[in-house]
Amino acid sequence: MWISEFWYEKLPWVYAGCGLLALWLIGRPAALSATLLFGAAVLTAWWRYSHRR
């Protein structure tokens, strides 16, 4: 694996946290970026869930 397991497991949370941070620091102009980061978090979590099933 090219990424450590520590970061691999936390990546969806990192995406979601960055989305929240963008909204908090920048506000409305960052809405598109935040939406894409939230989407990446959900998609990554879904891929992990479906792969482990």
Side-chain angles (χ1 to χ4, degrees):
M1 186 181 303
W2 63 273
I3 188 171
S4 71
E5 187 175 343
F6 176 81
W7 288 112
Y8 179 81
E9 293 297 327
K10 291 175 180 34
L11 194 59
W13 295 104
V14 170
Y15 287 148
C18 287
L20 286 173
L21 188 64
L23 283 176
W24 182 61
L25 290 177
I26 302 170
R28 186 168 171 85
L32 177 60
S33 296
T35 302
L36 292 173
L37 284 164
F38 291 140
V42 169
L43 185 60
T44 304
W46 174 254
W47 283 342
R48 303 250 173 91
Y49 171 75
S50 63
H51 178 71
R52 289 178 182 167
R53 277 183 43 186

Problem - Least distance between heavy atoms, Leu23 atom then Ala34 atom - result: CG-CB, 3.5 Å

Practice task
State plainly whether one hydrophobic cluster holds both Phe6 and Ile3, where clusters connect Ile, Leu, Val, Met, Phe, Trp and Tyr through side-chain heavy atoms under 4.5 angstrom apart.
Solution key: yes

Handout entry: Where Ile26 and Pro29 come nearest, the two heavy atoms and their spacing
Key = O-CD, 3.6 Å

Handout entry: Sub-4.5 Å side-chain heavy-atom contact between Arg48 and Leu11
Key = yes

Completion exercise
dist Trp13:CH2 -> Leu20:CG (nearest 0.5 Å) comes out at 10.5 Å

Practice task
Any chance you could measure Leu25, atom CG, to Cys18, atom SG, to the nearest 0.5 Å?
Solution key: 10.5 Å

Exercise for the section: Indicate yes or no: at least one non-hydrogen side-chain atom of Val14 is less than 4.5 angstrom from one of Trp7. Expected result: yes

Handout entry: Those residues that, when tested against Arg53, pass side-chain hydrogen bond (donor to acceptor under 3.5 Å, both in side chains) (two or more places apart)
Key = none

Exercise for the section: Any ring pair (Phe, Tyr, Trp, His ring centres under 6.0 Å) involving residues 28-53? Give me the pairs, sequence neighbours left out, ordered by first then second residue. Expected result: Trp46-Tyr49

Completion exercise
Shortest non-hydrogen pair, Ala41 vs Pro12, comes out as CB-O, 3.3 Å

Exercise for the section: Test the Lys10-Tyr8 pair against the cation-pi criterion, namely NZ or CZ under 6.0 angstrom from the six-membered ring centroid and within 45° of the ring axis. Expected result: no

